Enquirer: 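Questions regarding the structure given below will be posed in turn.
Because only heavy atoms are used, hydrogens play no part in the values below, and waters and symmetry mates are left out as well, while side chains stay in. Throughout, protein chains are lettered first and strands after them, A, B, ... in sequence-line order, and every chain is numbered starting at 1. Here the structure is a predicted model, which means the values were calculated and not measured.
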Amino acid sequence: MTVPKVLIVDDHAFIRRGVQGILQAHPEWQLCGEADNGKDAVRMARELNPEAIVMDVSMPGLNGVEATRAIRKTNANVKILLLTLHESSELVRTAFQAGINGYLLKTDAEQELVQALNVVIAQGTYVSPRIDPAVAKELISRGSRPAAVSDAGTN
Amino acid sequence: MNLRILVADDHDIIRRGLKQLLTAHAGWNVCAEAKTGREAVSLAEEHKPDVVVMDVSMPDLNGLEAARRIRKALPKTEIVILTLHFSDQLVHDIVEAGARAYIMKSDADRDLVAAVEAISNRRSFFTPRAAEMLLNGFRKQSTPNAAPTEYRSRLTSREREITQLLAEGKSSKEVAVALNISVKTAETHRANIMRKLELHSVSELVRYAVKNQIIEA
């Protein structure tokens, strides 16, 4: 079985380093590239053809939600996991409408990143346990594929 | 040069990333990690690091108050402050707190190592926008932004600490437990804060704390 490739997109170097550090401890995932803005993310998603993208929201130029929309125009398969500081239900909805498969808060990334990647790669929907459970439930039940989510409140 | 560094940020993944960026430099070691300002002060006292790399927005006690206390207890320890957003007022607060380096999180890749190198040689390092602002302030020979400066001079360190706890939603009783003081003392501090800042409700206090970056919105 081939190891799934992950592209990390964040304008903050220490977040990219942090994700790299977590993935290094999990050889079942392979970091294939890094981008520090949305525009490069779109290009690298096309060139590297990763199985998953860990994407920040607030970035200069093209933000993570806009980059997701652009990637979805040509690539329906790549799993996009949004990694953000924002807990707003509105952003959660907008991001899922744009085509993300998972929504992970930076607060929980250290503990939940690999689990979230496992959920989205298995065709599931991941919503951070801190997000309003009603919103999470609505998004997961709306998904056309079998849904999965981390157990709320376990971290 | 060998350096012992304390890293303080409430996000685990950010501490992990900062640690990776710092330890990639030969001779630099992260001797302790803190999740809150209060933890940073106590770990700094315990480990006596050469440098503290610290976020401003942390629960319990923010980075500015923590920096003030660390500088007071350990004058040889230099502090790098990291922030997500730039604000003129913050530059003044950082300087006043005794930190000699201020960088933006977005520039950490470029500036973090340079900032730590500079302060370990007893030099300052400010993100270019802050450096320009400080220079302009110096040229004008004036004290910018009177209002928040007034806040600083009017409140004691203890009152600033309690302002943050109240703005985070803690009751006087919870403040008393957190700081190991009596409920009556906590209530007196609370009344003094409200009087000094001319505030009349907790929601006004929260707005005030957000505006002055004591807590995040």
Enquirer: With a 4.5 angstrom heavy-atom cut-off, could you sort out which part of B:Leu112 is near chain A: side chain, backbone, both or neither?
Expert: neither
Enquirer: Quick one: pull up CD1 in B:Ile14 and CG in A:Leu85 and give me the separation to the nearest 0.5 Å.
Expert: 6.0 Å
Enquirer: Measure across A:Arg17 and B:Leu21 and return the closest heavy-atom pair with its distance rounded to 0.1 Å.
Expert: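 Here A:Arg17 and B:Leu21 meet closest at CG-CD2, 3.7 Å.
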Enquirer: Residues two or more places apart in sequence or in another chain: which of them pass ring pair (Phe, Tyr, Trp, His ring centres under 6.0 Å) with A:His12?
Expert: A:Phe14
Enquirer: With a cut-off of 6.0 Å (strictly less than), are more than 12 heavy atoms of other residues, nucleotides or ligands near NZ of B:Lys19?
Expert: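 Open.
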Enquirer: Heavy-atom pairs under 4.5 Å with chain B: which of A:Asp11, A:Thr107, A:Leu113 has the most?
Expert: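 If we count pairs closer than 4.5 Å to chain B, A:Thr107 comes out on top.
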Enquirer: Taking 4.5 Å as the heavy-atom cut-off, does anything in residues 20-55 of chain A contact chain B, and if so which residues?
Expert: A:Gln20, A:Gly21, A:Ile22, A:Gln24
Enquirer: Enter the distance from B:Arg16:CZ to A:Ile15:CD1 here, rounded to the nearest 0.5 Å.
Expert: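 So the CZ of B:Arg16 and the CD1 of A:Ile15 are separated by 11.5 Å.
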Enquirer: With a 6.0 Å cut-off (strictly less than), is the heavy-atom count around NZ of A:Lys5, excluding the residue itself, greater than 12?
Expert: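 Yes, because the 6.0 Å sphere around NZ of A:Lys5 holds more than 12 heavy atoms from other groups.
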